[in-house]
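One-based numbering, in listed order, for ligands and for the atoms of each.
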Amino acid sequence: MTSLETRDLLGLEGACPDTIREILARARSLRTACRGDELAGRVVANLFFEDSTRTRCSFEVAATRLGAHVLNLGSRGSSASKGESLVDTARNIEAMGVDALVVRTAASGGAALVADACTTPVINAGDGRHEHPTQALLDAFVLEERLGGLQGRRVAIVGDILNSRVARSNVHGLIALGAHVTLVGPPALLDGSFRGLVPEAVADQLAIAHDIDSVLEEADAVMMLRIQRERASSDLIATDYRRLYGMTAERAARLSGDQVLLHPGPVNRGVEMDGVVLDSNPHVVVLEQVAAGTWVRAAVLLRAIGV
Ligand code: NCD
């Protein structure tokens, strides 16, 4: 049984395509017809032990739109600063009778540790380098809308692949939905071991490249990633990263037709993407991703809580 068949959502590795499609369909129907009382009387606990703007607020907006009460806990202002562990914190919040635990942690595998220790459904909101399933689901939501489906589509994911939970979850999600993924990055941040990320049966859907210019025109979508400095990757990149791998204004000008340019945020302007590209390139869908995220997370919350 994969994590998606339980009420927890720990990752997209091994996910059943139909389950992903159900979540995306539910998100679409919520966007047009959300009653506002689906989770009335329920409590969603946001346990965010790593910094976040979009994901934390998006879960809060999603839960609020469904009528739930949201409890927000971070490492500052909680007893985590006194040395209490993530699992102990989660078990204490669970004992208060909350209906779902949304967990972000710097520890890869941290969400699964919480899920093992708790009977309350756990949603992984990003655990270290491991997975960030709701980000990949919202990316799939936008890509399906923009491209009319993912079967046979080509998606390039560019940047700090080594440290990216967004890249890992997207590889699993996009490949499950029939897309072909090319991971692109400097050799220090992307080595051949990434071929082992997916089972042999779908290995032809995953490629590795080190030259962004060789994949730019053929990709239906390009997803730019931030250098994860908090995971010490700044030591591994060349100072000319922008010139070699960045979505500069010159590169972005080569995009055409219905090609889509994504970024999960936060963007480091002038590093992986020029500010002018973010602000005014017509292929950029960054704020569409953010908007979709609230409905995708609403669908994930309803599924977790069993409503
Ligand atoms: C990503 C994350 O936290 O993994 N951001 C997000 O959730 N929107 C990507 C990043 O931090 O670079």
Side-chain angles (χ1 to χ4, degrees), residues 9-13 27 46-63 72 74-75 86 102-111 123-143 155-174 183-186 189-190 197 221-234 236-237 241-242 245-247 261-273 275 277-278 284-298 300-301:
L9 176 57
L10 302 179
L12 296 187
E13 184 172 4
N46 258 344
L47 308 184
F48 273 63
F49 295 115
E50 200 183 51
D51 289 345
S52 172
T53 297
R54 274 150 293 273
T55 308
R56 186 176 62 74
C57 295
S58 180
F59 270 108
E60 183 158 358
V61 168
N72 278 301
S75 25
L86 170 66
V102 181
V103 176
R104 169 166 289 199
T105 167
S108 300
I123 300 168
N124 180 6
D127 61 332
R129 299 177 175 85
H130 176 232
E131 282 229 34
H132 192 352
T134 59
Q135 178 67 43
L137 289 169
L138 75 86
D139 292 334
F141 183 99
V142 170
L143 287 171
V155 182
I157 305 179
V158 183
D160 182 359
I161 308 294
L162 175 69
N163 292 299
S164 178
R165 53 199 177 200
V166 175
R168 284 176 181 76
S169 286
N170 262 292
V171 164
H172 297 306
L174 292 168
L183 299 173
V184 186
L189 298 177
L190 171 62
L197 205 55
V222 181
M223 182 182 297
M224 305 305 295
L225 298 175
R226 185 177 62 88
I227 301 295
Q228 305 272 304
R229 294 184 194 280
E230 69 275 35
R231 298 187 219 296
S233 65
S234 56
L236 296 171
I237 59 160
Y241 181 86
R242 173 183 170 273
Y245 291 99
M247 185 55 70
L261 183 54
L262 306 106
H263 194 307
V267 177
N268 284 168
R269 288 170 179 258
V271 184
E272 75 275 12
M273 190 183 280
V277 176
L278 181 65
V284 170
V285 295
V286 169
L287 295 179
E288 272 176 52
Q289 292 172 263
V290 176
T294 60
W295 299 115
V296 166
R297 291 179 174 119
V300 165
L301 283 169

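No N or O atom of Glu230 sits closer than 3.5 Å to an N or O atom of ligand 1.
The closest donor-acceptor contact from the side chain of Ser169 to the backbone of Glu131 lies at 3.5 Å or more, if one exists at all. In this structure, the side chain of Asp160 engages the main chain of Gln228 through a donor-acceptor pair within 3.5 Å.
Closest to atom 11 (O) of ligand 1, if we only count protein heavy atoms, is Arg226 NH2, 2.9 Å. Regarding atom 1 (C) of ligand 1, its nearest protein heavy-atom neighbour is Gly265 O, 3.6 Å. The protein atom (non-hydrogen) at minimum distance from atom 4 (O) of ligand 1 is Arg165 NE, 2.7 Å. Shortest contact from atom 8 (N) of ligand 1 to any protein heavy atom: Pro264 O, 2.9 Å.
Close to ligand 1: Pro266, with a non-hydrogen atom less than 4.0 angstrom away. Remark: distances from the non-hydrogen atoms of Gln228 to ligand 1 include one below 4.0 Å.
Side-chain contact, His263 with Arg226: no donor N or O sits under 3.5 Å from an acceptor N or O.
Taking every heavy atom of both residues into account, Ser164 and Leu225 meet most closely at OG-CD1, 3.5 Å.
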Steps toward side-chain contact (heavy atoms from CB on, under 4.5 Å) verdict (Leu189, Ile227) | CA-CA 9 Å; Leu189 298 177; Ile227 301 295; 4.2 Å; yes

Apply side-chain contact (heavy atoms from CB on, under 4.5 Å) to Val284 and Leu261, showing your working.
-> CA-CA 5 Å; Val284 170; Leu261 183 54; 3.8 Å; yes

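Annotation: cation-pi geometry satisfied between Arg297 and Phe59 (NZ/CZ under 6.0 angstrom from ring centroid, within 45° of ring axis).
Taking a cut-off of under 4.0 Å to the non-hydrogen atoms of His132, the atoms of ligand 1 that pass are 2 (C), 4 (O), 6 (C), 7 (O). For ligand 1, the atoms sitting less than 4.0 Å from at least one non-hydrogen atom of Val166 are 1 (C), 4 (O), 9 (C), numbered in the order shown with element in parentheses.
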